Structures are given as structure tokens and as C-alpha cells.
S.K.: 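Before I ask anything, here is the structure I am working with.
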Amino acid sequence: MRFALRRLGFYALAAWAALTLNFVLPRMLPGDPASAMVARFQGKLEPEALDAMRRAFGFTDASLVEQYLTYLRHLFSGDLGLSIAYFPAPVSDVIGTGLIWTLLIAGVSLVIAFVLGTLLGIVAAWRRGGLLDSALPPALAFLGAFPYFWLAMLLLYLFGYELGWFPMRHAHAAHLSPTLSVEFIGDVAWHAILPVTSIVLASLGGWMLSMRNVMVAELGEDYIQLARAKGLDSRRVMLRYAARNALLPNVTGFGMALGFVLGGSLLTEIVFSYPGQGYLLIQAVRNQDYALMQGIFLMITLAVLVANFLVDLLVLWLDPRTR
Amino acid sequence: MSGAPLLEVEGLCVDYVTAEGPVRAVDGVTFQLRQGEILGLAGESGSGKSTLIHGIMRTLGPPGVITGGCVRFGGRDLLSMSPEELRRVRWRDIAMVFQSAMNALNPVATVYEQLADTIRAHEPTASARQLRTRGERALELVGIDPARIDAYPHTLSGGMRQRVVIAIALVLEPRVVIMDEPTTALDVVVEKQILQRVLQLKEELGFSILFITHDLPLMLEISDRIGIMYAGRLAELGPAQALRSDAAHPYTRGLMKAFPSTVGPRTVLSGIEGAPPSLANPPPGCRFHPRCDVAIDACRGAAPPLRQRTTGHWAACVHDSVDG
């Protein structure tokens with residue numbers, strides 16, 4: 001418990017540092033959103049209107065400290081400013097929809113890849129030198145050597161374009177509106193199959209190999225020999241003794257991977273025109289939408305921190321030595 | 001003191017399969033463990049002691065393979081049993097205390113879970129209440145406060161972990177306990193305490209012990225009979241008393257001289273010249289002859305068989321007496 005609180009304190013500090021950096025960095029960059037906006041609306045807006053917009057985006061002559069405090073106040077009330085690319089939608093709304101889709105495909109593919117890879121690793125280590133152990137690691141390493149966006153394009157071409165089994169773009173069909181109906185959920189799942197498969201194929205090998213290798217080392221430990229000798233059935237030795245211990249390093253890896261989920265599926269989202277976080281980020285960069293960029297960076301940072309905290313708690317629960 | 005044979009090992013051979021071909025680590029070892037006795041097995045590192053007992057227990061991992069002989073317990077051959085039959089006999093009748101207490105416990109399971117696992121594997125119908133009572137009783141036997149039963153291994157000291165490992169071995173009240181250097185990782189004080197407790201328990205519960213160590217003085221102190229292993233073979237086997245006063249094999253005599261005596265006059269310690277032979281390419285004849293100071297031509301020919309010297313005292317040496 002004390003450990004958990006200490007971790008929580010650490011993450012709170014890290015979150016504060018991230019918020020502050022997010023405030024300071026854009027102000028140190030050459031060029032500023034205000035001039036970008038002036039250029040964008042040059043000759044199309046009255047000077048008064050432009051001035052009003054500048055104020056709406058928070059470009060005032062107040063001191064940095066004052067700006068910082070305003071920034072924090074707005075942040076805690078959930079106000080991330082207005083998006084330029086999707087003007088006049090608030091950034092929080094824009095990110096909200098993008099976040100859901102990213103969490104869906106990246107989260108689902110991470111969990112599938114982790115669970116499947118870990119199980120395959122357990123079986124491969126248990127039947128070391130068997131068919132699965134000899135055939136799968138090289139095959140998966142081969143797949144994993146391709147950039148994941150390339151795999152995505154290959155899948156898109158084969159199963160989307162040539163065979164036409166799966167939709168080629170977007171998260172759901174245009175004529176369906178987001179409801180909790182079976183039809184809509186089914187359509188979303190159908191659209192998600194190709195992007196999820198491409199990420200799973202690219203990352204499965206890593207999970208399997210690391211689990212297999214740790215587990216092979218664990219299987220050589222004396223406590224495994226004792227567990228076998230004392231008459232436990234092999235299923236229990238495999239899962240409760242060997243896999244349970246081998247899992248610990250992999251769970252830590254899972255925590256780090258969770259962090260990359262939100263930013264990392266960017267290229268996959270572009271290949272499938274998937275309206276996730278990565279797609280938004282590209283839009284933001286193209287349109288010099290500072291508020292949106294800032295919001296996305298903030299979201300990614302906070303998500304990484306939350307994910308790592310959850311994994312810390314998980315490790316705490318899994319490994320008595322950390323308590 | 002010693003009764004009928006309980007565990008019989010006959011001509012046991014164990015090979016390690018290597019890229020250069022099989023290496024015979026245990027070569028035709030024969031002995032019997034009798035009811036209620038302590039039989040010690042001593043020898044240098046690499047002489048095949050641990051391989052031998054893992055062969056007996058059939059806990060050899062690859063690349064170890066049993067290539068000959070038989071191991072009988074109560075008349076049944078352990079080596080020809082199906083895995084399920086073996087699983088039932090092992091631990092129920094023959095339990096084992098592993099070499100390294102530090103690593104013999106599952107780090108993510110409590111002491112209770114590891115004791116309960118053991119009982120449940122052999123008595124699937126045991127109730128939770130029974131599991132706990134018996135687990136606590138096993139801890140009490142080895143001198144651990146039963147209140148520690150829910151502790152995780154990393155919270156216990158090395159000595160306590162070794163006691164827990166012994167408790168796991170005794171929890172089903174086996175008739176044979178094999179101990180593979182059970183106390184090498186511990187300091188001498190703790191070692192003495194634990195061994196004394198084991199000896200008491202042996203009297204109370206009446207099991208036999210096959211004890212393995214390279215600590216010869218310790219072995220002479222606690223064993224009824226002693227077997228000396230050299231390069232995968234038994235060099236000598238006999239009552240502890242006979243080995244102490246009248247060792248028949250030059251290797252045994254060398255070992256005796258390599259340890260200081262705590263009583264009697266000071267003597268010069270002498271080791272044994274040379275190193276144990278490579279098992280991949282052992283010397284012909286008696287494997288000890290390149291290091292033996294009384295070796296003769298006959299030693300390079302055929303391997304000398306174990307010959308009985310006095311009743312129950314066997315040695316594999318061509319010489320009849322100590323002085324050749």
C-alpha cells in the first residue's frame with residue numbers, strides 16, 4: 001500500500017512536469033500560432049474579428065506566469081481551447097472522438113498480441129524443440145521484421161482491394177450513426193479486423209519470443225524440478241510455477257507498450273484512414289493547429305502515465321517481492 | 001539398526017548426450033538402502049553423486065538419459081513405471097531435499113501453497129482444514145513457527161528456507177528421504193541445528209536417508225554406511241566405522257587425509273595429486289590409476305570389480321591390503 005502511494009506521488013509529479021513542458025515548449029518554438037492564424041485568414045477577416053479570435057485562442061499580452069496559471073485553470077476545467085483544423089470545435093471534443101477509435105484498435109491489438117504471444121511462448125518453452133517451438137519463432141520474427149505500416153498496406157491490398165472481404169477505410173460505414181446497436185458494433189468490428197490484424201502480426205513475435213526465453217530460463221530453476229518431483233501435474237507446474245514467474249518481465253514490457261499504443265498506431269491509422277489519434281495528429285500538424293497538437297501530446301503523456309501506474313499496481317499484485 | 005533393503009539400485013548407468021557423443025556420468029552403480037539407515041554418498045564434484053540420485057528419482061533433465069540398470073522400491077522397478085505411476089510413488093514413498101534451498105521454492109507462492117500443493121497432488125480429497133493443519137505440523141517438525149505458514153519465501157532466511165524445503169519433503173511422511181547436499185549453502189551453526197533436527201525426525205518417523213555431500217567428516221559423523229564415488233563409479237562401500245579406520249581404496253584414503261581431524265595429534269594434510277578424469281574420455285582400467293600412488297600394471301587393464309573385504313565392506317581395488 002505504501003509502495004502504491006509512493007508510485008502515485010511519483011506519477012503525479014511526472015504529470016505536473018509534463019503539463020508544464022507542454023506549456024513551455026510551444027512558447028520556445030520559432031513562429032507562433034497567432035501569426036500562423038493571421039496568415040491563414042489574411043485578407044478574409046476584419047482586423048477586429050481577427051483580434052477577437054486571437055483573444056479567444058488565448059494570445060494575450062499577460063506575463064508568462066499569468067498565462068501559465070490560466071493554462072492550468074483551463075486544463076483542470078477540461079478546456080483545451082478551440083481547434084483550428086476543426087474550427088470551431090473545442091479540442092477536448094475532437095480528441096475525445098479520436099481517442100476512442102485509437103484506444104479501440106491499438107488497445108485491442110495490444111491485448112490480443114500480448115495474450116496470444118504469451119500463451120504461444122509458454123507452450124513453445126514447455127515443448128522446447130517441438131514443432132511449435134521450431135516453426136513459429138522464425139516465421140513471426142520474419143513478419144515482425146516488416147514495418148507494421150507495410151504489413152497494413154499489404155493486408156489492405158490483398159483483403160480489402162483484391163478480394164474485397166473487408167472495408168478499405170474508416171471506422172464504420174458512413175450511413176450508420178454511433179449507437180449501441182448490434183448492427184453498428186458489428187460494423188465497427190468488421191472495419192477493425194484489418195488494422196488490428198496488421199498490428200497483431202507485427203508485434204506477436206516479440207511477445208512470444210520474450211515469454212519463451214524467460215520461461216525456458218525459469219524451467220531450469222530448482223523450484224520447477226522440485227514442483228515436478230513432488231508430484232504436481234504438469235499443467236500446474238507449467239502455469240502456476242513456471243509461467244507465473246516468467247510472466248513478470250513480460251508484464252513490465254506490456255506497461256511500456258501500453259504507452260506507445262496511443263501514439264504508435266499513427267501509420268496504421270493513416271493507411272486505413274482510421275479516424276484515431278494519429279490521424280488527428282497529422283491533421284493538426286498540416287493545419288498548424290497548435291491547440292490540437294498540444295492537446296494530443298498532453299493526452300498521450302497522461303495516458304502513458306496512467307497506463308504505467310496501472311501496470312505498477314498489477315506487478316505489485318503479481319510479485320510479492322515488490323510489496 | 002539396519003533392516004531389510006528398502007531401495008535397491010542395481011547397475012544404474014546414466015549418460016549425458018553431448019555433441020561429441022554420450023558421456024557416461026554414472027557407470028554401473030549398485031547399492032542398497034536399508035530400512036532406517038543413513039547411507040552417505042561422498043565424492044569430488046563431478047563424480048556423479050547428484051546425477052546418480054536424479055537418476056534414482058527420474059528427475060534428470062535433458063541431456064541426461066538413463067541407459068541401464070534398475071531402481072527398485074519395495075520390489076517395484078521405478079525405471080519401468082509409467083509417468084503417472086511414478087508420480088504417485090515419488091514423494092509419497094521417496095522424497096528429496098534439493099541442493100539449493102535458495103532456489104527450491106517458488107518465489108510467488110506462499111509456504112502454505114507449496115506445502116498444500118504437495119499434499120493435494122497425492123490426496124486430492126484433502127480438505128482445506130486438513131491441508132492447513134498438516135502444513136503447520138510439518139513446519140513445527142522442522143522447527144519453524146507455524147504462524148509463518150503464509151509467508152513468502154523471500155521473507156525467510158536461508159536456514160528457514162532450507163527447513164521449509166525439508167518440511168515439504170516430510171509432509172507426506174515418506175519412507176526414504178534423499179538429501180542432496182542439503183546444507184552446503186548454510187553456515188556451520190545453522191547446518192548443525194538442521195542436521196540434528198533431521199536425525200531426531202528420522203528416529204521419530206522412521207524413514208531412511210540417502211545423504212549426499214562432499215563434506216566427508218560430516219558424513220563420517222552421521223552415516224551408518226558410506227559409499228565413495230569416483231568418476232561415476234562406486235570406489236568403496238562399507239560401514240562408516242570401517243571406512244574411517246580401515247579404508248581399502250587409495251582414493252578413500254586420499255580423501256580422509258584431505259580433511260583435518262578435530263581430535264588427536266596434528267597431522268599433515270595432503271590432498272590428492274592431479275584432477276578427476278574427463279568422463280568423455282576416461283582412462284582405461286581403474287579410473288583412479290593415473291592419480292594413484294600404488295598403481296601397478298594390472299590397474300591399467302580391466303576395471304577392478306567391487307570385492308568384499310570384511311562383511312559388508314566392499315572396495316574396487318586390485319590390492320588386498322592398504323599397502324598394496
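Chain A is the first sequence line, chain B the second, and so forth, proteins listed ahead of strands; every chain is numbered from 1. Only this structure's heavy atoms are used, side chains among them; waters, hydrogens and symmetry mates stay out. Treat the numbers as computed from the prediction; the structure is a model and nothing was measured.
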S.K.: In terms of heavy-atom pairs under 4.5 Å, which option from A/Glu221, A/Gln225, A/Arg128 contacts chain B the most?
M.R.: A/Gln225

S.K.: For chain B, find its close neighbours in residues 241-253 of chain A: heavy-atom separation under 4.5 Å, sorted by number, or none.
M.R.: A/Tyr241, A/Arg244, A/Asn245, A/Leu248

S.K.: Rounded to the nearest 0.5 Å, how far does CG of B/Asp117 lie from CG of A/Leu226?
M.R.: 10.0 Å

S.K.: Which answer fits B/Arg120, side chain, backbone, both or neither, if we ask what part of it has an atom under 4.5 Å from a heavy atom of chain A?
M.R.: side chain

S.K.: Between B/His122 and A/Leu232, is there a donor-acceptor pair closer than 3.5 Å when you use the side chain of the first and the backbone of the second?
M.R.: no

S.K.: Could you grab the distance from atom CD of A/Glu218 to atom CG of B/Asn106, nearest 0.5 Å is fine?
M.R.: 8.5 Å

S.K.: Can you tell me which of B/Arg87, B/Arg58, B/Arg92 forms the most heavy-atom pairs within a distance under 4.5 Å of chain A?
M.R.: B/Arg87

S.K.: With the side chain counted from C-beta on, respond yes when A/Lys230 and B/Gln114 share a heavy-atom pair under 4.5 Å apart, and no when they do not.
M.R.: yes

S.K.: Could you look at B/Leu172 and say if it's the side chain, the backbone, both or neither that has a heavy atom under 4.5 Å from chain A?
M.R.: neither

S.K.: Any idea which heavy atoms bring B/Ala121 and A/Gly231 closest together, and the distance?
M.R.: CB-O, 3.4 Å

S.K.: Heavy atoms, side chains only, cut-off 4.5 Å: are B/Pro153 and A/Tyr223 in contact?
M.R.: no

S.K.: Please state whether the side chain, the backbone, both or neither of B/Ala109 comes within less than 4.5 Å of a heavy atom of chain A.
M.R.: both

S.K.: What is the minimum heavy-atom distance between A/Ala229 and B/Phe98, and which atoms define it?
M.R.: CB-CZ, 4.2 Å

S.K.: Considering residues, nucleotides and ligands other than A/Leu5, do more than 12 of their heavy atoms fall under 6.0 Å from its CG?
M.R.: yes

